[in-house]
Amino acid sequence: MSSTAMGAARDSGAPPRSPRQQRGGLARAQRARNRNAFFLIIPSIVLLAVVIGYPIVSAIVMAFQKDAGLDAATGFFVQGGFAGISNFTHWLLQQCPTSDGGTTSCPPGNLGAQFWSSTFTTFFFTVVTVICETVFGFWMAIIMNRAFHGRSLVRTAILVPWAIPTAVTAKLWFFIFSVAGIVNSLFATKILWTSDDWPARIAIIIIDVWKTTPFMALLILAGLQLIPEEVYEAARVDGATTWKSFWTITLPLVRPALLVAVLFRILDALRMYDLPAIFGGGDATATWSVLVVQQMRQGPNAASALSTIVFVFIFLVAFLFVRFLGANVVQTTQAQQKGELK
Amino acid sequence: MTTAALEPTVNRASVSRRRWSSIRTWISAIIIVLWCLLPFYWMVVTSFRDVGYTFDTTPWPTHVTLDNYVTALSTHWGNHLGKALLNSLIIGASVTIIALLVGTFAAYALSRIEFRFKGIVLGVIMGASMFPGVALLTPLFQLFTNIGWMGTYQALIIPEISFVLPLTVYTLTSFLREMPWDLEEAARIDGCTSAQAFRKVILPLAAPAVFTTAILAFISSWNEFLISSQLSSDKTQPVTVAIASFTGSLPHQEPYTAVMAAGTIVTVPLVILVLIFQRRIVAGLTAGGVKG
């Protein structure tokens, strides 16, 4: 607040007044500013509340309702009703209703039995893709940060994977990875990339890395460009090797921008849907999002419980990341925008 | 004497080191460009290949034909790529216009006015842009089924606002922050009215920022798949859904070449946009820091 008051004092440029008058005027000016800002921002907030807030609340309400269907105990069709936490235990503890009204662990093949395996798949994809993208993205950013002829060609080229819709990317690589496709031809292999468990997982990771490393590289590049060249020259004069100046100069200075980029990518990878859904791989590549969509038509209330669990998990990951690594998204991006990232 | 004798060797060593480093940069750059472009190139090459030579591995176009493009655009096998292109255009334009109309005000406030809770508002908008779309899907699926909106355009436009609007606000805010607002005051001092200053000074300066934001918003809508695949019908499905469910003349046989042609049709407009506006798109992506 004090800084905003100072800003106001600087802006007003009016002749000096008595301190009390001035404070009253400043408070009035600040109130007017708050009011103006409120009216400018409220349409966006209301719209977001409608398109995000409503579905969230609705999903939480639905998550505590039973899905209409055949009752396992009686064999009659039931309309639903209050479900307590059974929708949540269905996923977290993999419990399915039995004919005597109790619960048992879900049989294989039931979607409920897939929750933890899809959790593994989602986290596995997230960890591996984000690590690969960070490493390759850093490498690409360092190359693009050097002055050489054709630098803008590189910058244009890396935007191509980013611009291609993920649905097209999935289809394109589905062809590249098909049994008779170019990958198997080049390596003289007969791997079933699109249907075997591990080949499909590896293929999806490669595709995701291809598609999203450019985004990572551009964010890191933006951070790199804020480091003045003199710092490196000073280090060189002092006899630091390239490797050493990377660890002691580049990495610490680019850390805030890097953490924000990594956080974005983690949250994005946790909601991955398009690639596994279109490319294939079946249960082995079914992420959380895929599981929700499969469940949605079978029982929307159970699907709501699942999407609520997913939402909470993702929120927790973001919270822990910000808490322990100190990624301050708002501050960093603001500082970056002002060009004062240090 | 000794220094004079030493200097040329040092120079030669440093020159050769510099040359070696620039060669390494070049090799890296070539690897990056090939890695990024080859899959795309392969899609285009295959799209021009005769179906009989689908798996030909010649690195340049062979057995060139336009049949795949005819197949891709034909409605004979239940594909509606032409209609889907129009749908994507309608949905993308609507979402972009709505997001810009609403988001511009918020971006102006966030970039120009110091007010209470600014950090919180920014945080909320940032959080909204990272929101998992799948958490919106089920309730909207139920709601749209109940009110008979399934497969309508509004059922596709409304959910997309959830991620396009935050992206718009964020990108535009960072662009507006960098604008030389002092010029507005200068124009006022020179005798312009407030409206004139806005029209003659601010608008021409802000137009490129708004335009870039519009491109990013449109691309992110054009690329959306999850929500569209569940809430659209044959009549309203966008290109991403049309391509994912592309069917060929024979059941259980993937019409690879036709799909590659369809993919090329869908991607080429985007690649052209990227080529023309490369600099702006990079600026927008990194300023907003939000994935498109």
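Letters A, B, ... mirror the listed sequences (proteins, then strands); counts begin at 1.
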Report task. Side chain from CB out, backbone as N, CA, C, O: work out which of these in B:Ser162 comes under 4.5 Å of a heavy atom of chain A, or both, or neither. Result -> both
Report task. Would you tell me whether B:Arg116 and A:Gln30 have side-chain atoms, one donor and one acceptor, within less than 3.5 Å of each other? Result -> no
**Report entry** chain B interface, residue from A:Ser304, A:Ala147, A:Ala157 that has the most non-hydrogen pairs under 4.5 Å
**Finding:** A:Ala157
Query - Separation between CZ of B:Phe55 and CG of A:Asn184, rounded to the nearest 0.5 Å - result: 10.5 Å
Query - Minimum heavy-atom distance between A:Ala163 and B:Asn223, given as atom pair plus value - result: O-ND2, 3.6 Å
Query raised in the report: How long is the span from the CD1 atom in B:Ile113 to the CG atom in A:Asn34, to the nearest 0.5 Å?
Result: 9.5 Å
Report task. Please determine, among A:Gln295, A:Met144, A:His149, A:Arg155, the option with the most heavy-atom pairs under 4.5 Å with chain B. Result -> A:Arg155
Requested in this report: Kindly give the heavy-atom pair with the smallest separation between A:Ile143 and B:Ser28, and that separation in Å.
Outcome: CD1-CB, 3.3 Å
**Report entry** Toward chain B, the part of A:Ser185 with a non-hydrogen atom under 4.5 Å
**Finding:** side chain
Query raised in the report: With a 4.5 Å limit on heavy-atom distance, are the side chains of A:Ile176 and B:Trp42 in contact?
Result: yes
Query raised in the report: Which bit of A:Met140 comes within less than 4.5 Å of chain B, counting heavy atoms only: side chain, backbone, both or neither?
Result: both
Query raised in the report: Is a side-chain donor or acceptor of A:Arg271 paired with a backbone partner of B:Phe131 at a separation under 3.5 angstrom?
Result: yes
Report summary line: Residue from A:Phe136, A:Trp288, A:Tyr54 scoring the most non-hydrogen pairs under 4.5 Å with chain B is A:Tyr54
Report summary line: Most contact-rich option vs chain B, by heavy-atom pairs under 4.5 angstrom, among A:Val293, A:Leu267, A:Thr156, is A:Thr156
Query - Side chain proximity check, A:Tyr273 to B:Val134, heavy atoms < 4.5 angstrom - result: no
Query raised in the report: When rounded to the nearest 0.5 angstrom, what distance separates OG in B:Ser47 from CZ in A:Phe175?
Result: 10.0 Å
Report task. Select one option (side chain, backbone, both, neither) describing which atoms of B:Leu226 are under 4.5 Å from chain A's heavy atoms. Result -> both
Requested in this report: Kindly compute the distance separating CE (A:Met296) from CZ (B:Phe141), expressed to the nearest 0.5 Å.
Outcome: 4.5 Å
Query raised in the report: With only heavy atoms counted, which part of B:Ser229 is less than 4.5 Å from chain A, the side chain, the backbone, both or neither?
Result: side chain
Query - Toward chain A, the part of B:Gln230 with a non-hydrogen atom under 4.5 Å - result: both
Report summary line: Ranked by heavy-atom pairs below 4.5 Å to chain A, first place among B:Arg24, B:Gln142, B:Arg112 goes to B:Gln142
Report task. Flag the pair A:Ile158 / B:Ile32 as yes when at least one side-chain heavy-atom distance between them is below 4.5 Å, and no otherwise. Result -> yes
Query raised in the report: What part of B:Leu34 lies closer than 4.5 angstrom to a heavy atom of chain A: side chain, backbone, both or neither?
Result: neither
Query raised in the report: Going from OG1 on B:Thr57 to CG on A:Leu186, what distance comes out if it is rounded to the nearest 0.5 angstrom?
Result: 7.5 Å
**Report entry** Whether A:Trp210 side chain and B:Trp35 backbone form a donor-acceptor pair below 3.5 Å
**Finding:** yes
**Report entry** Heavy-atom side-chain proximity of B:Gln278 to A:Ser152 below 4.5 angstrom
**Finding:** yes
Query raised in the report: A:Arg146 and B:Thr25: which non-hydrogen atoms are nearest, and at how many Å?
Result: NH1-OG1, 2.9 Å
Requested in this report: Count the heavy atoms belonging to other residues, nucleotides or ligands that lie under 6.0 Å from OH of B:Tyr53, then report whether that count exceeds 12.
Outcome: no
Query raised in the report: Where do B:Val282 and A:Leu218 come nearest, in terms of heavy atoms and distance?
Result: CG1-CD2, 3.9 Å
Query raised in the report: How long is the gap from CE on A:Met62 to OG1 on B:Thr138, to the nearest 0.5 Å?
Result: 6.5 Å
Query raised in the report: Are side-chain heavy atoms of B:Tyr256 and A:Lys171 found at a separation under 4.5 Å?
Result: no
Query raised in the report: Is the closest side-chain heavy-atom distance between B:Leu143 and A:Ser58 below 4.5 Å?
Result: no
Query raised in the report: Which residue out of A:Phe315, A:Trp139, A:Phe148 racks up the most heavy-atom pairs below 4.5 Å with chain B?
Result: A:Trp139
Query - Heavy-atom check, side chain of B:Pro39 versus side chain of A:Trp173, under 4.5 Å - result: yes
Query raised in the report: When heavy-atom pairs shorter than 4.5 Å are enumerated against chain A, which of B:Thr168, B:Ile31, B:Leu37 gives the highest number?
Result: B:Leu37
Query raised in the report: Do you know which two heavy atoms are closest between B:Phe225 and A:Ala167, and how far apart they sit?
Result: CD1-CB, 4.2 Å
Query raised in the report: When you look at CD of B:Glu185, are more than 12 heavy atoms from neighbouring residues, nucleotides or ligands closer to it than 6.0 Å?
Result: no
Taking distance alone, no hydrogens or angles, what donor-acceptor pairs closer than 3.5 Å link side-chain atoms of residues 100-111 of chain B to residues at least two apart or in another chain?
| residue | atom | partner | partner atom | Å |
| --- | --- | --- | --- | --- |
| B:Thr104 | OG1 | B:Leu100 | O | 2.4 |
| B:Ser111 | OG | B:Ala107 | O | 2.9 |
| B:Ser111 | OG | B:Tyr108 | O | 3.2 |

Requested in this report: Flag the pair A:Ile278 / B:Thr240 as yes when at least one side-chain heavy-atom distance between them is below 4.5 Å, and no otherwise.
Outcome: no
Query - Residue selection (most heavy-atom pairs with chain B, distance under 4.5 Å) from A:Leu47, A:Val310, A:Ile142 - result: A:Leu47
Side-chain polar contacts of residues 258-271 of chain B - donor-acceptor pairs under 3.5 angstrom, sequence neighbours left out - could you list them?
| residue | atom | partner | partner atom | Å |
| --- | --- | --- | --- | --- |
| B:Thr264 | OG1 | B:Met260 | O | 2.7 |
| B:Thr267 | OG1 | B:Gly263 | O | 2.5 |

Query raised in the report: Looking at B:Ala128 and A:Ile52, what are the two nearest heavy atoms and their distance?
Result: CB-CD1, 3.7 Å
Query - Portion of B:Ile98 that has a non-hydrogen atom of chain A nearer than 4.5 angstrom - result: side chain
Report summary line: When B:Val164, B:Leu165, B:Ile158, B:Leu136 are each screened for side chain to side chain contact (heavy atoms under 4.5 Å, CB included) with A:Val51, the one that passes is B:Ile158
